[in-house]
Amino acid sequence: MLSVTNRKNNKESLISKQAVSSGFIISYTHSVNKGRIHDYYEAAEYNELLMDRSRFVSYGAGIIEPDEEENLEFEVFDGGYEIHGMNRIKKQFLVAVGTIADHTIAVGNDIEISKEYRLDAFFRQQTSLILEIKRISLLKYITKSVTGRNLDTL
C-alpha cells in the first residue's frame, strides 16, 4: 500500500492500494511563480517510489532544467511543460502540508482524469508527512475503509 502518515503521529494516515498499482500524483502551487506542479510517482522494485516526470506551468526556483541530468526529455504542451525520464528512486519522502501550496494527492497517472484529494482535508497544515510503500494488514485496510482514511474508498 501507499502509506501517507503523519511523521509525529503514525495513527494519522491515509492508505491506497490503487496508488501502488496505477501510480499517484503529488501536486502543489509553486511558491515563486504560483503555478501548479504535478509530480508523478509509481512503485519501483523493493517497495521504493519512483518519480519519473514533473509537469508545470512555468519555470521557477527549484524546478529542474532539462540539461541538468542525462536522459531527461523536455516536452512543451498546451498550457505548460513536462520533464520526464527523471528516474528518481526513494524509499520514502517527506511532504509538509503547506498553508499556501494547496498540496493534493491523486491516485492514477493522469491529472486530467484523476480525482485529487487535498491533504489539508486529512492533516493539519504544516504537518510533516511520510510517503512510502509498506505492508498493511487486511484488518487495517478494512478499518481504514470504514473510517474514510482509505483513498481507494473515498
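Because the structure is a prediction, the values reported are computed rather than measured.
The residue from T153, N150, D152 that alone fulfils the side chain to side chain donor-acceptor pair (under 3.5 Å) condition with S16 is D152.
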Should V107 and S22 be marked as a side chain to side chain contact (heavy atoms under 4.5 Å, CB included) after you check the CA-CA gap, both sets of side-chain angles, and the distance that decides it?
CA-CA 7 Å; V107 175; S22 60; 3.9 Å; yes
With side chain to side chain contact (heavy atoms under 4.5 Å, CB included) as the criterion, how do E116 and D102 come out once you've worked through the C-alpha distance, each side chain's angles and the decisive distance to 0.1 Å?
CA-CA 11 Å; E116 290 185 272; D102 188 26; over 6 Å; no
Does the side chain to side chain contact (heavy atoms under 4.5 Å, CB included) test come out yes or no for N47 and K134, once each step is laid out?
CA-CA 7 Å; N47 292 333; K134 64 184 194 180; over 6 Å; no
Show your working on side chain to side chain contact (heavy atoms under 4.5 Å, CB included) between F56 and H30 and close with a plain yes or no.
CA-CA 9 Å; F56 49 93; H30 192 277; over 6 Å; no
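Under the 4.5 Å side-chain criterion, counting only non-hydrogen atoms from C-beta, T127 is not in contact with N9. In this structure, L131 and Y41 have side chains that are not in contact, with every pair of non-hydrogen atoms separated by 4.5 Å or more. Residues N87 and N71 fail the side-chain proximity criterion, which asks for heavy atoms closer than 4.5 Å. Within the 4.5 Å cutoff, the side chain of Q92 has no heavy atoms near those of the L49 side chain. Counting only heavy atoms from C-beta outward, the side chains of F74 and L72 never approach each other to under 4.5 Å. Looking at I105 and L2, their side chains come closer than 4.5 Å, going by heavy atoms from C-beta outward.
The two residues F122 and L14 come nearest to each other via the heavy atoms CD2-CD2, 3.5 Å. Across every non-hydrogen atom of G98 and H103, the tightest pair is N-ND1, 3.1 Å. Closest approach of A106 to S114, counting heavy atoms only: CB-CB, 3.8 Å. The shortest heavy-atom contact between S27 and R36 is CB-NH2, 3.4 Å. Nearest heavy atom pair, residue K140 against residue I15, reads O-CD1, 4.3 Å. Nearest heavy atom pair, residue T29 against residue K34, reads CG2-O, 3.4 Å.
The CG atom of D39 lies 4.0 Å from the CE atom of M51; values are rounded to the nearest 0.5 Å. We find the CZ-CG distance between R124 and N6 to be 9.0 Å, quoted to the nearest 0.5 Å. Atom CD of E12 and atom CG of N10 lie 9.5 Å apart (nearest 0.5 Å). Taken from CD1 in I130 to CZ in R7, the straight-line distance is 6.5 Å, to the nearest 0.5 Å. With values rounded to the nearest 0.5 angstrom, S58 atom OG is found 7.5 Å from Y81 atom OH. Atom CZ in R88 sits 7.5 Å away from atom NZ in K90 (nearest 0.5 Å).
By the criterion of side-chain heavy atoms lying less than 4.5 angstrom apart, applied directly or through intervening Ile, Leu, Val, Met, Phe, Trp or Tyr residues, V4 is grouped together with I26 in one hydrophobic cluster. No continuous path of ILVMFWY side-chain contacts below 4.5 Å connects V57 to I37, so the two sit in separate hydrophobic clusters. Under a hydrophobic-cluster definition in which Ile, Leu, Val, Met, Phe, Trp and Tyr are linked whenever side-chain heavy atoms come within less than 4.5 Å, directly or via other members, L119 and I25 are assigned to different clusters. Under a hydrophobic clustering in which Ile, Leu, Val, Met, Phe, Trp and Tyr are joined whenever their side-chain heavy atoms come within less than 4.5 Å, directly or via other members, I136 and L129 fall into different clusters.
Every residue was checked against the side-chain hydrogen bond (donor to acceptor under 3.5 Å, both in side chains) condition with Q18, not counting sequence neighbours, and none meets it. Scanning for side chain to side chain contact (heavy atoms under 4.5 Å, CB included) contacts around D120 gives V97, R118, Q125, with sequence neighbours left out. Shown here are the side chain to side chain contact (heavy atoms under 4.5 Å, CB included) partners of E112, two or more places apart in sequence or in another chain: R55, D110.
Counting heavy-atom neighbours within 6.0 Å of Y46 OH, excluding the residue itself, gives a total of 12 or less. Environment of CG in L94: crowded, with over 12 heavy atoms of neighbouring residues, nucleotides or ligands closer than 6.0 Å.
In this structure, R149 forms no cation-pi arrangement with Y117, as its terminal cationic atom is not both closer than 6.0 Å to the ring centre and no more than 45° off the ring axis.
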